[in-house]
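Okay, structure first, notes after.
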Amino acid sequence: MTSSSAPSRKALSKIACNRLQKELVEWQVNPPAGFKHKVTDNLQRWVIEVNGASGTLYANETYQLQVDFPEHYPMEAPQVIFIPPAPQHPHIYSNGHICLDILYDSWSPAMTVSSICISILSMLSSSTAKQRPADNDRYVKNCRNGRSPKETRWWFHDDKV
């Protein structure tokens with residue numbers, strides 16, 4: 001996404017920096033299967049390569065996640081989006097926004113970037129159809145001015161995909 005779609009960010013707190021440095025070391029030692037952290041000098045924004053799991057609709061496909069960490073991570077959830085082109089999935093909008101409860105209402109400070117990635121891969125892997133959400137066009141149009149997915153009131157009603 002472009003910088004205009006990134007949330008306005010304050011510098012990370014000391015707690016957030018320490019936590020992210022710890023997670024980054026753990027990632028380097030034991031990365032989640034199917035993911036690759038693209039190394040940059042920006043601890044506040046991670047770009048992660050996602051490889052579709054074999055035997056799924058997304059096998060042999062590669063996508064990129066952008067993870068933006070707020071000042072008070074992990075007490076506050078990071079913003080996680082797919083960098084377009086986003087996979088076609090009933091819970092992923094064409095602008096990269098992801099409708100997944102752990103990124104919003106069900107966030108817990110015990111979660112990590114690795115656990116987020118595993119949840120996203122599980123969501124992709126369980127999909128039975130490559131299609132956009134029914135309200136994709138309306139939602140994307142309403143987000144044109146760089147609205148963050150964290151500003152959306154998500155309705156989590158479908159746990160089948």
Side-chain angles (χ1 to χ4, degrees), residues 1-53 56 58 61-87 89-127 133 139 143 145-159 161:
M1 304 254 22
T2 62
S3 59
S4 65
S5 65
S8 58
R9 295 183 290 174
K10 295 182 179 179
L12 293 171
S13 67
K14 183 163 179 55
I15 291 171
C17 281
N18 290 342
R19 167 69 179 263
L20 284 170
Q21 288 169 342
K22 181 180 175 185
E23 284 193 45
L24 190 54
V25 168
E26 175 61 29
W27 184 291
Q28 291 165 342
V29 172
N30 186 24
F35 296 91
K36 180 180 177 186
H37 176 250
K38 298 179 94 179
V39 179
T40 69
D41 60 355
N42 186 349
L43 189 61
Q44 199 164 2
R45 173 175 283 171
W46 291 17
V47 175
I48 299 171
E49 191 173 277
V50 182
N51 294 305
T56 71
Y58 304 93
E61 294 181 14
T62 302
Y63 301 97
Q64 290 188 356
L65 288 173
Q66 178 177 295
V67 184
D68 288 303
F69 297 96
E71 175 186 14
H72 298 293
Y73 179 80
M75 300 311 293
E76 183 183 338
Q79 175 180 287
V80 183
I81 59 171
F82 277 98
I83 297 172
H89 185 280
H91 296 299
I92 302 171
Y93 291 84
S94 59
N95 63 358
H97 292 192
I98 305 166
C99 181
L100 181 63
D101 63 348
I102 65 161
L103 300 176
Y104 311 103
D105 299 347
S106 297
W107 172 255
S108 163
M111 293 180 187
T112 63
V113 178
S114 291
S115 66
I116 292 169
C117 289
I118 291 166
S119 293
I120 289 172
L121 188 60
S122 175
M123 181 182 80
L124 286 172
S125 298
S126 64
S127 183
Y139 176 80
C143 290
N145 293 327
R147 186 173 83 186
S148 165
K150 293 177 84 176
E151 296 174 42
T152 299
R153 287 185 65 138
W154 296 101
W155 181 39
F156 304 109
H157 64 286
D158 179 8
D159 61 357
V161 290

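Model, not experiment: these values are computed from the prediction.
The distance from the CD1 atom of I102 to the CH2 atom of W107 is 7.0 Å, given to the nearest 0.5 Å. With rounding to the nearest 0.5 Å, the separation of CG in L24 from OG1 in T112 is 12.0 Å. Summarising the geometry, atom CH2 belonging to W27 is positioned 12.0 Å from atom CG belonging to L20; distances are rounded to the nearest 0.5 Å. The structure places OH of Y63 at 8.0 Å from CZ of F82, a figure rounded to the nearest 0.5 Å. E61 contributes atom CD, which lies 9.0 Å from atom CG of L124 (distance to the nearest 0.5 angstrom). The CD atom of Q79 sits 8.0 Å away from atom CZ of R45, with the distance rounded to the nearest 0.5 Å.
Nearest approach of H91 to M123, heavy atoms of both residues: CB-SD, 4.0 Å. Minimum heavy-atom separation, F35 to I48: CD2-CG2, 3.8 Å. Listed here is the closest heavy atom pair of S106 and M111: O-CE, 3.4 Å. The two residues P32 and S114 make their nearest non-hydrogen contact at CD-OG, 3.7 Å. Across L121 and A33, no two heavy atoms sit closer than the pair CD2-O, 3.9 Å. Between P70 and P78, the shortest heavy-atom contact is CD-CA, 3.7 Å.
The backbone N or O of K10 sits less than 3.5 Å from a side-chain atom of Q44, completing a donor-acceptor pair. When atom types are taken as modelled, the side chain of T62 and the backbone of N51 share no donor-acceptor pair closer than 3.5 angstrom. Side-chain atoms of S122 never come within 3.5 Å of backbone atoms of I118 as a donor-acceptor pair (strictly under, hydrogens ignored).
Under 4.0 Å is where a charged nitrogen must lie from a carboxylate oxygen, and between R19 and E23 at least one such pair does.
Y73 and F69 have perpendicular rings, their planes meeting at more than 60° on a 0 to 90° scale where under 30° would count as parallel.
Remark: of the listed residues V113, V47, I98, I116, I98 is the sole one forming a side-chain contact (heavy atoms from CB on, under 4.5 Å) with L65.
Around atom CD1 of I15, no more than 12 heavy atoms belonging to other residues, nucleotides or ligands sit under 6.0 Å away.
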